[in-house]
Amino acid sequence: MDRILVTGGTGYIGSHTVVELQQAGYSVVIIDDLSNSNREVIDGIERITGIRPDFVEGDCTDMQTLSKLFADYPDIKGIINFAASKAVGESMQKPILYYRNNLNTLLNLLDLMGPNGVKGIVFSSSCTVYGEPDENPVTEKAPIKKATSPYGNTKQISEEIITDVINAGAPFKSVILRYFNPVGAHPSAEIGELPNGVPQNLIPYLTQTAIGIRQELSVFGDDYDTPDGSCIRDYINVVDLAKAHVIAVKRMLEDKSDAKIEIFNLGTGNGVSVLELINVFEEATGVKVPHKIVGRRAGDIEKVWANPAYANEVLGWKATSTLADTMRSAWAWQLKLRERGVM
Ligand code: UFG
């Protein structure tokens, strides 16, 4: 089977995607600089799939590292690009880091694809490109709003770069996937989300509170124009999300579409509020989450959820996990981290 290069493959979404790729029969080589992950993730992937993916420790912003990788692996047919910095707040403090990491990585990959006979690249984009949408659920035709953070801007610019390069006649295709809020962990609890330091995102903060590492979860605002006043998101199971990448890769490598660039929303289609999510977690696990309402977090979107109909129809993909199962998987992962003495 074809070899796929997964950049950022030891990260949260990357590692789940490597599992799905290997289970679908693809060979994988991962490149990751381990800046926000660790080597043990590869052991977890091996325990789930029985296959140890090839791994190169390296920085994708370095052209020489990437050139050597393509020379060492002349059989790479597709790329899934997860290598990027991803914290909205941090990007406000360190914009140069974000523009450099996210854009140089993409430019290097696009530059090397043609000469190395790579047929396509799947790009990790985000619903952040829609900003505060005028209408929910959001389709792919919704207008792109001016980005509110350097992180969001790198996603917008990256989509434009890919479009310009392909329209200029590059000999490859791209599928751009706009994720909503990925959550949960692999059902085996062998891999999951492991943020460095104090979590910024809801679910890791919630599970760390439930297990007692954090005292209390702060709910950022209960005065939004939503039924219970807290923000609404579309929480998508990370394994469901990973499976969409396998379909996207296959679609490009097997030329299933005439289009050279395609864009899909990946979400469930369900909007869930922060307070509802806490409830689902507590009911699914039987574990209480101490929480308090605090003020709004600067820059938060009030409500956004996906219309995933296009991906459902064209990719034949659908998010199938229930939110309760997803919450149980996040909890099982948190318990596993304690069992292993990680935290
Ligand atoms: N929230 C809390 N308390 C917390 C953390 C989060 O109440 O401690 C709330 C937020 O206010 C928001 C919701 O939980 O309403 C989800 O917040 P996250 O930080 O988990 O996720 P965001 O929706 O802010 O951001 C995510 C990704 C980004 C991506 C963005 C797209 O982290 O990378 O979705 O909208 F760009």
Side-chain angles (χ1 to χ4, degrees), residues 8 11-14 36 82 84-92 98 101-102 123-133 136-138 142 144-159 176-184 193 195-210 213-236 238 241 265-268 270-281 289-306 323 326-327 330:
Y12 174 44
I13 308 175
N36 197 23
F82 294 107
S85 302
K86 61 164 189 177
V88 178
E90 185 190 46
S91 78
M92 310 288 266
Y98 274 67
N101 275 354
N102 296 6
F123 180 72
S124 298
S125 190
S126 165
C127 69
T128 195
V129 302
Y130 301 120
E132 184 77 61
N136 278 298
V138 180
I144 302 298
K145 298 273 180 73
K146 187 173 164 37
T148 53
S149 69
Y151 161 77
N153 209 20
T154 66
K155 294 299 175 190
Q156 293 192 3
I157 295 171
S158 294
E159 290 196 2
I176 292 171
L177 300 176
R178 292 179 180 157
Y179 314 148
F180 283 67
N181 286 51
V183 292
E193 189 173 11
N196 287 336
V198 180
Q200 304 295 312
N201 294 113
L202 180 59
I203 293 304
Y205 205 105
L206 185 156
T207 56
Q208 289 188 15
T209 305
I213 297 171
R214 315 270 158 218
Q215 226 175 4
E216 208 169 25
L217 170 69
S218 296
V219 174
F220 297 137
D222 69 345
D223 56 351
Y224 286 99
D225 182 18
T226 60
D228 64 22
S230 63
C231 290
I232 295 181
R233 296 287 183 278
D234 185 336
Y235 295 94
I236 171 152
V238 67
L241 187 71
N265 281 347
L266 298 182
T268 67
N270 300 317
V272 174
S273 77
V274 176
L275 291 170
E276 282 172 336
L277 192 67
I278 294 171
N279 248 335
V280 173
F281 178 89
V289 183
H291 60 277
K292 62 167 186 253
I293 310 287
V294 300
R296 294 181 176 195
R297 179 171 72 177
D300 261 343
I301 303 289
E302 180 171 271
K303 45 182 181 270
V304 59
W305 66 95
L323 194 52
T326 302
M327 290 301 104

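First listed ligand is number 1; within each ligand, the first listed atom is number 1. All values below were derived from every heavy atom in this structure, side-chain atoms included, with hydrogens, water molecules and symmetry-related copies excluded. Owing to the predicted nature of the structure, the values given are computational and were not obtained by experimental measurement.
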Report every pair formed by an N or O atom of ligand 1 and a protein N or O atom separated by less than 3.5 Å, giving atom names and the distance to 0.1 Å.
from, atom 1, to, atom 2, distance (Å)
ligand 1, 3 (N), Ser218, O, 2.7
ligand 1, 7 (O), Ser218, O, 3.3
ligand 1, 7 (O), Phe220, N, 3.0
ligand 1, 11 (O), Asp300, OD2, 2.5
ligand 1, 17 (O), Arg297, NH2, 3.4
ligand 1, 19 (O), Asn201, ND2, 3.0
ligand 1, 19 (O), Arg297, NH1, 3.4
ligand 1, 19 (O), Arg297, NH2, 2.9
ligand 1, 20 (O), Asn201, ND2, 3.3
ligand 1, 20 (O), Leu202, N, 2.9
ligand 1, 21 (O), Asn181, ND2, 3.2
ligand 1, 23 (O), Asn181, ND2, 3.0
ligand 1, 23 (O), Arg233, NE, 2.6
ligand 1, 24 (O), Arg297, NH2, 2.9
ligand 1, 32 (O), Asn201, ND2, 2.7
ligand 1, 33 (O), Tyr151, OH, 3.4

- Message: I'd like to know whether Tyr179 forms a side-chain contact (heavy atoms from CB on, under 4.5 Å) with Ser124, so could you lay out the CA-CA distance, the side-chain angles of the two residues, the decisive distance to 0.1 Å, and finally the verdict.
- Response: CA-CA 7 Å; Tyr179 314 148; Ser124 298; 2.8 Å; yes
- Could you walk me through whether Leu323 and Asn270 pass the side-chain contact (heavy atoms from CB on, under 4.5 Å) test, one step at a time? CA-CA 10 Å; Leu323 194 52; Asn270 300 317; over 6 Å; no
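What you find for Gly184 and Val238 is that their closest heavy atoms are O-CG1, 3.5 Å.
Between the side chains of Tyr12 and Asn201, no donor-acceptor pair of N or O atoms lies under 3.5 Å. Side-chain N/O atoms of Glu90 and Tyr98 include a donor and acceptor closer than 3.5 Å.
Residues that satisfy the side chain to side chain donor-acceptor pair (under 3.5 Å) test with Thr326, not counting sequence neighbours, are Asn237.
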